[in-house]
Amino acid sequence: MELISNAPTGPIEQSWDKHKFDLKLINPANKRKYNIIVVGSGLAGGAAAASLGELGYNVQCFCYQDSPRRAHSIAAQGGINAAKNYHNDGDSIYRLFYDTVKGGDFRSREANVYRLAQVSVNIIDQCVAQGVPFAREYGGLLDNRSFGGAQVSRTFYARGQTGQQLLLGAYQALERQIGLGAVKMHPRMDMLDLIVVDGQARGIVTRSLYDGKIEVHMADAVILATGGYANVFYLSTNAKGCNATAIWRAYKRGALFANPCFTQIHPTCIPVAGEYQSKLTLMSESLRNDGRIWVPKQPGDKRAPGSIPESERDYYLERRYPSFGNLVPRDIASRAAKAECDAGRGVGETGLGVYLDLADSIQRLGKRTIAERYGNLIEMYERITGEDPYKVPMRIYPASHYVMGGLWVDYNLMSTIPGLFVLGEANFSDHGANRLGASALMQGLADGYFIIPYAIGDYLATAKPAQVAVDAPAAKEAVANATAITKKLLNANGNRTVDSFHRELGKIVWDNCGMARNEAGLKKALAQIPALREDFWKNVRVLGANEEFNQSLERAGRVADFFELAELMCLDALDRRESCGGHFREEYQTPEGEALRDDANYSYVAAWEYQGQDRAPALTKEPLTFNYVKPSQRSYK
Amino acid sequence: MKLTLHVWRQKNAQDTGGMVRYDVPNVNEHMSFLEMLDVLNESLIEKGQDPIAFDHDCREGICGMCGMMINGKAHGGFPGTTVCQVHMRHFKDGDVIYLEPWRAKAFPVIKDLAVNRASFDRIIAAGGFISVPTGSAPDGNAIPIRKQDADLAMDAAACIGCGACVAACPNAAAALFVGAKISHLGHLPQGKVERDRRALAMVQQMNIEGFANCTNIGECEAACPKDIKLEVIARTNRDYIKAAFTERPDSTSAGAG
């Protein structure tokens, strides 16, 4: 298969404007004749469903939660980037573009990233108009803060709840359309399959989480905005319900999966406390603005942090990266923490932790200012650990948090299946091999508010999808497939719980395809995962029936897909014999231990095509060219 | 530590339901409350018994999905804390804990501790928004907003829609939830345009959903995991009363052209 990015050529500054003009339109009276399915109701899905409803399309929106307001975008804390340059500190669209391409370690598509930087300014305007209560200065204007990987202050925020407030903005816009009858909402629904008719995405199969009812929904286009797959690690900062089922089943219907091994490990999470741990909690990266990260110089130093004198502390990020200091990008901060802990200098009971110390900032700015900036985070930390960060340094450790990989999309956000669009974290497009902080919210809203409304009109006007009946053979086959999977899970009747399998899978993936990877480990994982998967299908125990509210059954289906995805992740990681961004192959590093890219051989997007259950997927490469930001060894020193 | 749980078990909305006793040994003080329930559920599945259904998702206290009555208190009654953020260090060996779902006519039970809160969404759909189509916004700094107003709006906007206020209220009123949205949007200049319509529409929908009236008891404020203040209800009342007198029906003339 050949991958055509459809990225416009010509001067990058004008390419989106020109492309928008070239996209075909649908007249307002005809829009209501088109049905569009949106799966997922987070920033990307919620914004898309609301915007398309406003335009006049018939929209159906699906989410697994009990309300669209609960999508995991809500948990983003720190902020959203935009190239407003309100602070006159040298920011510009070009600089945001530059920082994002560089931060992604030169593995993203330039045209997409430029567009993202361009629409970032519209996002802030839109959100302010919706009533998002961004932080303000006393003059009444919007406040900004700085974030990792940038030397300007371009991050807009609403206390430590930016994701919540942006999501509520999108949710309220969505509810308005629901009230007006333009969007029909289907909460507590899992998408179990994609229906492809004559090569076009034409519908989905869903299972109601209330009563197990399997339904077919047909449409003229399908949008997946179902987030990422970080829960493949079992322990992650994602919500418990976050899953890859929608994108995975679309992959099995022919959509190519790009860069699955590009996962992001967030440097500042609360360390794991015990075996029973169900998830990890992020502490916003914004804390690195005012928190200094350190470990004791002496390995195995078990003194309380307060009794370790200044001279015996190693502020290792400030030492190793003097110009960015504690604000180096996430992949670098995470690996540096791992290196300290591997060398025996980690802190806390497990030795898997480093200090994030607010003491200097409290002394400089006062407790009140710190509380204003991070109060809710500090309270959350205290609730979980029982320790007071105003008095003792916080303990943090990296955790799986976000995935840059996802379904391959072209410049119009369309996958390799015509009519199947993929937005937000679910696609692979903008962040390359490493996402910068405060850019996920930006991308989700850019895709949902400002890109898909244009792209979808062009597709519908060009493809002119024909009428398809709900009992089309492809729909029946998809229903049979979804039903068979559910039955198989219920009939296994083994002796192990879903969670115990998921935990074991997560450990294999974390140990071998986590913060650092190597050939031997990946090969080991590629042997262990299929064996465990086989055991899962034989020995999993899912009680109850399909026709009821059955949370174990929901989880079982999701974990079954994580097994397959984990294998693809490891395969991709093995195939990419270089280090870049979040993908750190131990064999490929500079003498200082930094990621060593191989642009001559790996400057491409790796897109994998499903070939059937027992066959290896096929690799197609989309070469990446850089006309504006010249690839270089990233330096934050 | 060792705990005794009495948990509300109800197969579905039609079932009458009842309390069932479970002994939970080996509870670690570092576990979260929901992790304690996970461990119990794992052991129930291993014994071939139906695990306890309860809603949860982010487990960071922000999505609003979790919620149950612990010993008669919404989310357990710890200040500013959702149940997913409660840790077992607050309990001691031998404690007896009663778990029940939110109880309100407008929140029918789905199964065990999980309830249906779609009524909250319908209240927002009735008027809890600012009508601003995508792409039509002026520059974000075009309208300066007093920091105090932005802060007050943010205080109210922190609501996570969990329903603890309704569960704690002896009347099962949704006044705190509705007031939070009315205050959030009403404090901002962008939200003032639709203030009257919003108050009328949201209160009307609240009544249709079967939430009862507020009688100023204040249990909601005490139970709210996001510390939403009772004053938001006063704001609803002011907006509602004013709008009831001043709001006119929409003009039916479309104008020339």
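Computed over heavy atoms, backbone and side chain alike; hydrogens, waters and symmetry mates excluded. Just so we're on the same page: letters track the sequence lines, and every chain starts at 1. As the structure is a computational prediction, the values presented were derived from the model and not from experiment.
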If one checks every heavy atom of B:I124 against chain A at 4.5 Å, the contacting part turns out to be both
Okay, B:V115 and chain A: the region with an atom under 4.5 Å from a heavy atom over there is backbone
Examine distances only and state if a side-chain atom of A:R558 and a backbone atom of A:C242 form a donor-acceptor pair shorter than 3.5 Å.
no
- Item | Ring-face cation contact, B:F120 with A:R69, 6.0 Å cut, 45° max | no
When the 4.5 angstrom heavy-atom criterion is applied to A:D66 and chain B, the contacting part is both
Turns out that what part of B:S131 lies under 4.5 Å from chain A's heavy atoms comes down to both
One option among B:P144, B:G161, B:G140 has the most heavy-atom pairs under 4.5 Å with chain A, and it is B:G140
Turns out that what part of A:I384 lies under 4.5 Å from chain B's heavy atoms comes down to both
Honestly, the part of B:F54 sitting under 4.5 Å from a heavy atom of chain A is backbone
If one checks every heavy atom of B:H187 against chain A at 4.5 Å, the contacting part turns out to be neither
**Item:** Side chain A:Q165, main chain B:A157, donor-acceptor under 3.5 Å
**Value:** yes
Do A:K240 and B:D55 meet the salt-bridge criterion of a basic N to acidic O distance under 4.0 Å?
-> no
Pair count under 4.5 Å, heavy atoms only, with chain B: among A:G544, A:P453, A:G386, highest is A:G386
One option among A:Q161, A:Q177, A:M185 has the most heavy-atom pairs under 4.5 Å with chain B, and it is A:Q161
When rounded to the nearest 0.5 Å, the distance separating CG of A:N144 from CZ of A:R154 is 10.0 Å
Side-chain contact test, heavy atoms from C-beta onward, threshold under 4.5 Å: evaluate it for B:F33 versus B:M88 and give yes or no. yes
Task: Donor-acceptor side-chain pairing of A:Q172 and B:K181 below 3.5 angstrom - done: yes
Turns out that what part of A:L168 lies under 4.5 Å from chain B's heavy atoms comes down to side chain
Of B:A153, B:G191, B:P133, the largest count of non-hydrogen pairs under 4.5 angstrom with chain A goes to B:P133
Applying a strict 4.5 Å limit to non-hydrogen atoms, the region of A:L52 in contact with chain B is neither
Scored by heavy-atom pairs under 4.5 Å with chain B, the best of A:L282, A:V121, A:T497, A:V132 is A:T497
Per-residue tally against chain A (heavy atom, under 4.5 Å) across B:H56, B:R59, B:R146 peaks at B:R59
If one checks every heavy atom of B:D227 against chain A at 4.5 Å, the contacting part turns out to be neither
Interface check, chain A: of B:A114, B:S136, B:A118, B:P138, most non-hydrogen pairs under 4.5 Å belong to B:P138
ask   = Would you say B:M65 and B:C58 make side-chain contact, with heavy atoms under 4.5 Å?
value = no
Cut-off 4.5 Å, heavy atoms of chain A, and the answer for B:I143 is backbone
The interface call for A:Q164 against chain B, heavy-atom contacts under 4.5 Å, is side chain
Would A:E275 and A:R503 count as a salt bridge (Lys or Arg N to Asp or Glu O under 4.0 Å) here? Give the steps.
CA-CA 10 Å; A:E275 268 299 305; A:R503 220 175 277 130; 5.6 Å; no
Turns out that what part of A:Y210 lies under 4.5 Å from chain B's heavy atoms comes down to side chain
Next on the checklist: Using the rule given for side-chain contact (heavy atoms from CB on, under 4.5 Å), can you reason through B:H75 versus B:V86, listing the C-alpha separation, both sets of side-chain angles and the distance that settles it, and then say yes or no?
Outcome noted: CA-CA 8 Å; B:H75 291 298; B:V86 173; 5.7 Å; no
So, the part of B:N12 with a heavy atom under 4.5 Å from chain A: the answer is neither
Okay, A:Q277 and chain B: the region with an atom under 4.5 Å from a heavy atom over there is both
Honestly, the part of B:H30 sitting under 4.5 Å from a heavy atom of chain A is both
Looking only at A:F450, A:Y138, A:Y276, A:Y64, the option with the highest number of non-hydrogen pairs under 4.5 Å against chain B is A:Y276
Okay, A:Q65 and chain B: the region with an atom under 4.5 Å from a heavy atom over there is both
ask   = Are any non-hydrogen side-chain atoms of A:N231 and A:N243 less than 4.5 angstrom apart?
value = no
Cut-off 4.5 Å, heavy atoms of chain B, and the answer for A:Q126 is both
Salt bridge flag under 4.0 Å for residues A:D143 and B:K147
no
Requested in this report: For atom CD of A:E349, decide whether the heavy atoms of other residues, nucleotides or ligands shown that lie under 6.0 angstrom number more than 12.
Outcome: no
Would you say B:S119's side chain and B:E209's backbone share a donor-acceptor pair under 3.5 angstrom?
no
Would you call B:D155 and B:K229 a salt bridge, using N to O less than 4.0 angstrom?
no
Within residues 375-383 of chain A, the residues sitting under 4.5 Å from chain B by heavy atom, in sequence order, are A:M380, A:E382, A:R383
Quick note, salt bridge (Lys or Arg N to Asp or Glu O under 4.0 Å) partners involving residues 186-195 of chain B, not counting sequence neighbours, are B:R195-B:D239
If one checks every heavy atom of A:S278 against chain B at 4.5 Å, the contacting part turns out to be both
Start with the C-alpha gap between B:D57 and A:K279, add the side-chain angles, then the distance that decides, and say whether salt bridge (Lys or Arg N to Asp or Glu O under 4.0 Å) holds. CA-CA 10 Å; B:D57 203 20; A:K279 78 152 284 171; over 6 Å; no
Interface check, chain A: of B:R122, B:Q49, B:K111, B:E60, most non-hydrogen pairs under 4.5 Å belong to B:E60
The interface call for B:L152 against chain A, heavy-atom contacts under 4.5 Å, is neither
So, the part of B:A150 with a heavy atom under 4.5 Å from chain A: the answer is both
Okay, B:A126 and chain A: the region with an atom under 4.5 Å from a heavy atom over there is neither
Turns out that what part of B:L188 lies under 4.5 Å from chain A's heavy atoms comes down to side chain
Worksheet item: Given the rule in the salt bridge (Lys or Arg N to Asp or Glu O under 4.0 Å) test, do A:D211 and A:R188 qualify, once you have shown the distances and angles that lead to the verdict?
Response: CA-CA 10 Å; A:D211 56 13; A:R188 288 205 204 258; over 6 Å; no
- Under 30°, 30 to 60°, or over 60°: which ring-plane class applies to A:Y86 and A:F156, parallel, tilted or perpendicular? perpendicular
Applying a strict 4.5 Å limit to non-hydrogen atoms, the region of A:E554 in contact with chain B is neither
- Message: Under a 3.5 Å distance rule, please check whether A:R70 uses its side chain to pair with a backbone N or O of B:C63 as donor and acceptor.
- Response: yes
When the 4.5 angstrom heavy-atom criterion is applied to B:A142 and chain A, the contacting part is neither
Ignoring hydrogens and geometry, is there a side-chain-to-backbone donor-acceptor pair from B:Q190 to B:I130 under 3.5 Å? no
Could you tell me whether the side chain of A:H401 reaches within less than 4.5 Å of the side chain of A:C269, counting heavy atoms only?
no
Among B:M154, B:E46, B:H184, the residue with the most heavy-atom pairs under 4.5 Å to chain A is B:M154
Less than 6.0 Å separating the ring centroids of A:F501 and A:Y234?
-> no
